[in-house]
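From a predicted model like this one, the values you see are computed outputs, not experimental measurements. Numbers here simply count residues along the sequence, with the first being 1.
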Amino acid sequence: MKMINPASEAQLAEAVRDAKGPLKVIGGGTRPIGAPVTGEALTTRGLSGITLYEPGALTIVALSGTPLEEVEAALAKENQRLPFEPADYRGVFGTEGTPTIGGVVAANISGPRRIQAGACRDSLIGVRFVDGSGQALKNGGRVMKNVTGYDLVKLLAGSYGTLGVISEVSFKLLPGIAASATLTLKGQTVAEAVATLSKALGSPFEVSGAAYRNGDTFLRIEGFADSVAYRTEQLSNLLGGDIEVESDKEAVAGLWTAIGALDGFGTEGQDIWRISVKPSDAPSLIEALPASDTLIDWGGGLIWAACAPGTDLRAKAPEISGHRTLFRASDETKQKLGAFHPEPAPIVALNEGLRSKFDPRSILNPGLMG
């Protein structure tokens, strides 16, 4: 597929200014989230490279098309990491290519560690982007002390390229992980699991992962070796029962990478829904869903559900509030049901007002978010 592939922010701005119609903005093309977009393809892959990395300041700046694995490899050499554990969804979507750091920001991709470290947008401290009129803008900076003006940094994260095409991002970082452990409680029901997850997260033992699938409840603890050993013992005593503990660092990392990436989740051809809900409502909602496979993350606040194609999970238990996003489905199903959860009228008006300011010609991923 032929696409526009600018090699600099200036070329990106020129491409947007010269556009005669809609643009389908993509990064690595590995996460086809949202409704299908018809338009000329514009990729940010040509905007690649780490432009600034200061390990002592725990700060990195990279062009938006930089492969995520390149960023993570550079950080690993200095025993540092992105706080929010971005997930790789190529397996669940069956896509190829390479996830980009700009794509992570555009979709606000955040993995299991979000319950402790926050989302992608919480680590993002600066952004450069080109708006729908072809104007290059920037917000934030390369240090945390930045309190003036509108917080466009947070606004761009999770906007899916509908407000601007991201050209550069800046992140605050965290030190690497010295040791880790996973506690597994087997044979729990959903209600028992959510109660366990809530109890663990409410403890003083700094849980950094809290998930449940197929009767197994998983809890992760990370930090210095002595601290991990102590907190693992104390949390085990607090929860009681038969608890399996895995302390091999690579095995722990592999398990939580698989949870974040939805490895082995659902079957080919099934729709996958991403549901954000109050943790205490998770058991009731899961019971009401006609799903063949479910996975709970974020202590019960995130539910993944796999079901038959075309099934409208928003019509099930509508009295339970939350956001139900059609994450993976055919284009026809996305068009019929809508990919993103319908917003209240005031929020719709606010979103439309923002888009009219940032994209007055309505050419940036039109229709992707509804």
Practice item. Would you give the length of the straight line joining atom CZ of F218 to atom CD1 of I259, rounded to the nearest 0.5 angstrom? Key: 5.5 Å
Review point. Under 3.5 Å, is there a donor-acceptor pair between the side chain of D359 and the main chain of L364?
Key: yes
Exercise for review: Work out which heavy atom in G158 is nearest to a heavy atom in M369; give both atom names and the distance.
Suggested key: O-CE, 4.0 Å
Check your understanding: Is there a donor-acceptor contact under 3.5 Å linking the side chains of S208 and E222?
Key -> yes
**Study point:** Pairwise distance OG(S292) to CZ(F265) - rounded to 0.5 angstrom
**Key:** 7.5 Å
Point to revise | Side-chain donor-acceptor contact under 3.5 Å, S330 with T333 | key: yes
Review point. Between I33 and L68, is there a shared hydrophobic cluster once you connect ILVMFWY residues whose side-chain heavy atoms come closer than 4.5 Å?
Key: yes
Exercise for review: Would you indicate whether D242, at its atom CG, is surrounded by more than 12 heavy atoms from other residues, nucleotides or ligands within a distance under 6.0 Å?
Suggested key: no
Practice item. Evaluate the side-chain contact (heavy atoms from CB on, under 4.5 Å) criterion for residues I363 and V16: first the C-alpha distance (whole Å), next the side-chain angles of each, then the deciding distance (0.1 Å), finally the verdict. Key: CA-CA 9 Å; I363 63 170; V16 174; 4.2 Å; yes
Check your understanding: Checking R328 side chain against V92 main chain: does a donor-acceptor pair fall under 3.5 Å?
Key -> yes
**Study point:** Any side-chain heavy-atom pair of C307 and L313 under 4.5 Å
**Key:** yes
Practice item. Go through the structure and list residues passing salt bridge (Lys or Arg N to Asp or Glu O under 4.0 Å) with E85, not counting sequence neighbours. Key: R113, R220
Review point. Do the non-hydrogen side-chain atoms of L137 and V127 ever get within less than 4.5 Å of each other?
Key: no
Check your understanding: Is there a donor-acceptor pair under 3.5 Å between the side chain of N139 and the backbone N or O of L152?
Key -> yes
Practice item. Verify whether one side chain among T267 and Q270 offers a donor that lies under 3.5 Å from an acceptor in the other. Key: yes
**Study point:** Interatomic spacing from OG1 in T294 to CD1 in I272 - rounded to 0.5 Å
**Key:** 12.0 Å
Point to revise | Side chain S227, main chain G223, donor-acceptor under 3.5 Å | key: no
Revision key, fill the gap. Value for CZ (R213) from CG (L262), rounded to nearest 0.5 Å, stands at 8.0 Å
Point to revise | side-chain contact (heavy atoms from CB on, under 4.5 Å) between L239 and L219, worked out | key: CA-CA 11 Å; L239 299 177; L219 295 162; 3.5 Å; yes
Review point. Do L82 and W298 belong together in a cluster built from hydrophobic side chains that touch within less than 4.5 Å?
Key: yes
Review point. Does a side-chain heavy-atom distance below 4.5 Å link I109 with R31?
Key: yes
**Study point:** S8 (side chain) donor-acceptor with Q11 (main chain) under 3.5 angstrom
**Key:** yes
Exercise for review: Under the side-chain contact (heavy atoms from CB on, under 4.5 Å) rule, what do F358 and L155 come out as? Steps first, then yes or no, please.
Suggested key: CA-CA 11 Å; F358 286 95; L155 185 66; 3.9 Å; yes
Check your understanding: Transitively linked via ILVMFWY side-chain contacts under 4.5 Å: L156 with L63?
Key -> no
Review point. Can you pull the side-chain hydrogen bond (donor to acceptor under 3.5 Å, both in side chains) pairs that have at least one residue in residues 73-84, sequence neighbours excluded?
Key: Y53-Q80
Review point. Parallel, tilted or perpendicular: which describes the rings of F205 and Y230, with under 30° parallel and over 60° perpendicular?
Key: perpendicular
Exercise for review: Spell out, as yes or no, whether a donor-acceptor pair under 3.5 Å connects the side chain of S48 to the backbone of R45.
Suggested key: no
Exercise for review: Mind checking the CZ-CD1 spacing from R324 to I275? Nearest 0.5 Å is all I need.
Suggested key: 6.0 Å
Point to revise | Side-chain heavy atoms of K316 within contact of P290, under 4.5 Å | key: yes
Check your understanding: So, S167 side chain and R128 main chain: donor-acceptor pair closer than 3.5 Å or not?
Key -> yes
Exercise for review: Could you tell me whether the side chain of S170 reaches within less than 4.5 Å of the side chain of L124, counting heavy atoms only?
Suggested key: no
Point to revise | Residues, nucleotides or ligands: over 12 heavy atoms within 6.0 Å of K154 NZ | key: yes
Review point. Please walk me through it: do L173 and T59 pass side-chain contact (heavy atoms from CB on, under 4.5 Å)?
Key: CA-CA 6 Å; L173 307 170; T59 303; 5.7 Å; no
Exercise for review: Answer yes or no: does atom CG of N237 have more than 12 heavy-atom neighbours from other residues, nucleotides or ligands under 6.0 Å?
Suggested key: yes
Review point. Within the side chain of S64, is there an N or O that forms a donor-acceptor pair under 3.5 Å with the backbone of I166?
Key: yes
Check your understanding: Closest heavy-atom contact between T311 and L337?
Key -> O-CD1, 3.8 Å
**Study point:** Taking every non-hydrogen atom, the tightest pair across K334 and P36
**Key:** CB-CD, 4.4 Å
Exercise for review: Report yes if the distance between the aromatic ring centroids of F93 and F327 is under 6.0 Å, otherwise no.
Suggested key: yes
Review point. Would a distance-only check, ignoring hydrogens and angles, find a side-chain to backbone donor-acceptor pair under 3.5 Å from N5 to T44?
Key: no
**Study point:** Single-linkage hydrophobic cluster, 4.5 Å side-chain cutoff, L42 and I26 together
**Key:** no
Practice item. State whether the side chain of S198 and the backbone N or O of A195 hold a donor-acceptor pair below 3.5 Å, judged by distance alone. Key: no
Point to revise | Hydrophobic cluster membership, L238 vs L201, 4.5 Å side-chain cutoff | key: yes
Review point. Are more than 12 heavy atoms from other residues, nucleotides or ligands located less than 6.0 Å from atom CD of E40?
Key: no
Point to revise | Residue pair I303 / I286: nearest heavy atoms and the distance that separates them | key: CD1-CG1, 3.9 Å
Point to revise | CD/E319: more than 12 non-hydrogen atoms of other groups inside 6.0 Å | key: yes
Review point. Do you know which two heavy atoms are closest between F171 and V105, and how far apart they sit?
Key: CZ-CG2, 3.5 Å
**Study point:** Minimal non-hydrogen separation, L163 against R355, with atom names
**Key:** CD2-CG, 3.6 Å
Review point. In Å, rounded to the nearest 0.5 Å, how long is the span from NE2 of H341 to CH2 of W273?
Key: 9.5 Å
Practice item. Kindly indicate whether the side chain of E287, heavy atoms from C-beta on, has any atom under 4.5 Å from the side chain of L285. Key: no
Review point. Are E246 and D248 side-chain neighbours, meaning at least one heavy-atom pair lies under 4.5 Å?
Key: yes
**Study point:** Contact check, side chains of V207 and L197, non-hydrogen atoms, under 4.5 Å
**Key:** no
Let me check something: any side-chain donor-acceptor pairs from residues 176-191 under 3.5 Å, sequence neighbours excluded? List them with distances.
residue, atom, partner, partner atom, Å
T182, OG1, W256, NE1, 3.0
K186, NZ, D216, OD2, 3.3
Q188, OE1, T196, OG1, 3.3
Q188, OE1, T217, OG1, 2.6
Q188, NE2, T196, OG1, 3.0
T189, OG1, E192, N, 3.1
T189, OG1, E192, OE1, 3.4

